[in-house]
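Report on one structure; see the data block that follows.
Naming convention: chains lettered A, B, ... in sequence-line order (proteins, then strands); numbering from 1 in each chain. Note that the structure is predicted; figures quoted are calculated from it, not measured.
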Amino acid sequence: MLEKRYDFLAVEQKWQDYWNEQKIFKFAPKKNQKVYSIDTPPPTVNGKIHVGHLSSYTHIEIMARHKRMMGEAVYFPFGYDDNGLPTERYVEKKNKIKAYEMQRHEFIELCLKEAHELEKDFYKLYKTGGFSCELDNTYSSISQNTQKISQKSFLDLLEKGYIYHAESPVLWCTECRTAVAQSELDTQELESVFNHIKFYIEGSKKFATVATTRPEMLPACVCVFVNPNDKKNAHLVGKNLVVPHFGFSVPVLTDDLVQIDKGSGIVMCCTFGDNVDKEWQRKHNLPIKECFNNGGIMTALAGEFKGMHISKARGAIIARLKEEDLLIKQEPIIHAVATHERCGTPIEIAVKKQWFIDVLTHKKQIYQAGLDLNWYPESMRARFLNWVENLQWNWCISRQRFFGVSFPVWFCEGCGKVITAKKEDLPINPLIDKPKTACACGSKNFTPEYDVMDTWATSSLTPQLSLDLITGEGLSDTMIPMSLRPNAHDNIRVWDFYTVVKSLYHFGKLPWTDLMISGFITSGDGGKLGKSKGNTDLTPQEVISKYSADVTRYWAGGLSLGRDTCFALDAFDNGKKLLNKIWNASRFVLSFLEGYKPRAVKLMPIDEWLIAKFEKLQSKFIEFMDRYDIALALNELEKFFWDFCDNYIEIVKDRLYKPEIHGEKEKESAQFSAYTVLNGLLKLFSPFMPHITEEVYMHAFAQDENAKSLHMSLYANIKKQDYSIIEKGNELVAIVQEIRKKKSLAQVSMKAKIASVAIKSNNLDFIKSAEKDLIAVGSIEAITYEKGEFFAEIGEIVKE
RNA sequence: GGGAGUAUAGCUCAGUUGGUAGAGCGCCUGCCUUACAAGCAGGUGGUCGUAGGUUCGAGUCCUACUGCUCCCACCA
């Protein structure tokens, strides 16, 4: 017998340990078995875990368990993304240090140590959440093996000509002192000032007014632009203007991009103040002037302002312009500024020698991949396509940082040539290892590449990383495309995009066939629950220990894909009720199944009705699940389950209790259908609530099915039923409901007797077959039947 | 400015191929019914954002508009 109360803490722990010990979820495909492989998101190891993690991983989890129950071999790997800037930023903040102020190897060791600590928390969370990924066979994005795979990828793309090394304007973070990629930008509304400044025409007392928000860029001014159709300023074209305070002259050129009615219609171009400057530099072949260094400190170009930080120089230069009567007016404005997502610092554009992966010339191919992938929900496709269409920068993969994968590259000191490592020697660290042979020019002296790779250059290889855990090198691409890439919508332009690029370039194939995109869990005020922000009260561990993993999963399973959801505890209360109901319904049904072994019997029509309804529900459920409509599948399942409890069980209750009145065969018929449907229901609920369903299943059904775990069994195999019986049975339920209504309105007990019920129906055979059940459930004294359109007239309540 | 999502009961939301508006919570009225009072039965509550259109029939499809949210662009 099952205990009266369900003790979720003990039960969940018990089965988690059992699954672990028995290796229930280990990937072990049988011959010809269909494989369902998941490119699991490796959590970014950079801070606290939040409930958003729980919900998105639960979606993946539910799909993994569903596919197992469908008989597929599920590969559900796990890994940690612990390389790169996110982890570095976390370590710097936590220890109040700056990477560039430390010994490189000391900083790297510290990162490894901190990452390892954080990973323990993730491990614990995924285990107590009942997640069925392979937690004990994981990859780490900083491991030696990962570095090997990542360096190989680099060499492969370099060979194929997708990667190039060039001095070029890049997006630069002066706080992190590294180049960053377009996808790492945030937009912030910042207060600023539009400064109208006098540029004197060379050799004249007249001046042109230039409006700028970035006066500190004046020393890097290379020219001034006006629109070619601007009549008002046409007289300036071809003349030279004197850059205020700094005193050097720049030419006035024309370009269509200048908006005639914005500011004075005269724009200064500095290399580089913004994106447009970058465009102009290329288009007009302008000189490049850098007025600040890696850390955002003004260079000698800035004269007396040398040594100031950009933000300070701005004020100082304005003050000086005022003194020299070169400032006409100042307008405060609020404008959008691109900032670095990791630190919030406004992004600069600087010219640096960097490694790039060419994406701009392959836009079409990448766009096509967006069309070829299956997106769930479908609307997420547009975000991918939109991003690809709007790409402006090639993917800069070098970072002037420390904790990351090295480039397997040296530069020859003799001729400057790039020397690459041999693939068989990987992984290598160019700072320690040396090329084995001299350069073709004869030189034996090499400078290592000090930069490390962008974290996404490695994360974009997760299909290879996770497949490497099981297939070993070389075999990975036979399992590509993988079945599923799951992630939240913020990663479409980042992780999804980069992985598609890499897969196309390496294999000429899509990395996966399906994408399942979840939404964010937001806090009450609608803000995103960022893992690095930690703005929620309840930690995932607290939620699970308070409500159980099953209830938490129920909550997550009910969320719509792709949509942000406000974190609310209501759904947890519903889940608790459902858990309780599953427990009690199981207890009740099983109390009539002691010693019962299912065997084929002639079923009473109402029992057949139940099985037909269940079969219909199950096929609907599977249909929804297979198209990642998890919430809808759960919804249908729940509806059926409550109906099963409140109607079916109530109707057959008396038959199970009193075979002396109803007959033994009739009792067995009820036993058969209750056995079949409860077992089937446990299986359908199991992806959502794996612990309680396992507890009941192992207690009652596992032996009969010779199964080691519910999660190694399959969904019920029920032959396609005749659904027309469903309508007939529904009439019976309708009669019961009419009787209940009458009693409820009369405010009497459900046990109160009803003198008579007059039933009109065209399915009298069916209804008559359940007469004894009906009499018992309704406490009816007399029933009359008449053929005709369905109607039930409930007689008087008998006063005791 | 470009793209997308969303608007349904007091609240949170579901609504599949177009076919009589749903669930939970809340509120109200009852019921200790040999699984469950952490339960059960019943009830209250909605011109489905606005205006048109297609259709025998529209919450669902089409057009326009409005509110909210997100992504991209916008740094002179």
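The side chain of A:Trp642 lies closest to B:C40 when the candidates are B:G2, B:U34, B:C40.
Rounded to whole angstrom, the span from the CZ atom of A:Arg740 across to the P atom of B:U29 amounts to 22 Å. Rounded to whole angstrom, the span from the CD atom of A:Gln737 across to the P atom of B:G43 amounts to 9 Å. When the C1' atom of B:U16 is taken as reference, atom OH of A:Tyr628 falls 18 Å away, rounded to whole Å.
Across all strands shown, A:Glu650 has heavy atoms under 4.0 Å from base atoms, whether or not it also approaches the sugar-phosphate. At the heavy-atom level, A:Gln182 lies under 4.0 Å from the strands shown only through sugar-phosphate atoms.
A gap of 23 Å separates the C1' atoms of B:C48 and B:G43, to the nearest Å.
In this structure, A:Arg493 reaches the B:C72 phosphate: one of its side-chain N or O atoms is under 4.0 Å from OP1 or OP2. Contact between the side-chain N/O atoms of A:Asn386 and the OP1/OP2 oxygens of B:A4 is not found at any separation under 4.0 Å. A sub-4.0 Å separation between OP1 or OP2 of B:C32 and a side-chain N or O of A:Lys751 is absent. A:Lys577 has no side-chain polar atom (N or O) that falls below the 4.0 Å cut-off from OP1 or OP2 of B:C36. Phosphate contact (OP1/OP2 of B:A14, side-chain N/O of A:Ser560, threshold under 4.0 Å): present. For B:G30, neither phosphate oxygen OP1 nor OP2 lies less than 4.0 angstrom from any side-chain nitrogen or oxygen of A:Lys743.
Taking the ring centre of A:Phe588 as origin, the terminal cationic atom of A:Lys653 falls inside the region bounded by 6.0 Å and 45° from the ring axis.
Partner A:Phe685 forms a ring pair (Phe, Tyr, Trp, His ring centres under 6.0 Å) with one of A:Phe641, A:Phe621, A:Trp583, A:Phe644 and no other, that one being A:Phe641.
At a threshold of 4.0 Å, the pair A:Glu623-A:Arg627 counts as salt-bridged, since one of the basic side-chain nitrogens sits closer than that to a carboxylate oxygen. A salt bridge between A:Glu216 and A:Arg214 is present, with a side-chain N of the basic residue lying under 4.0 Å from a carboxylate O of the acidic one.
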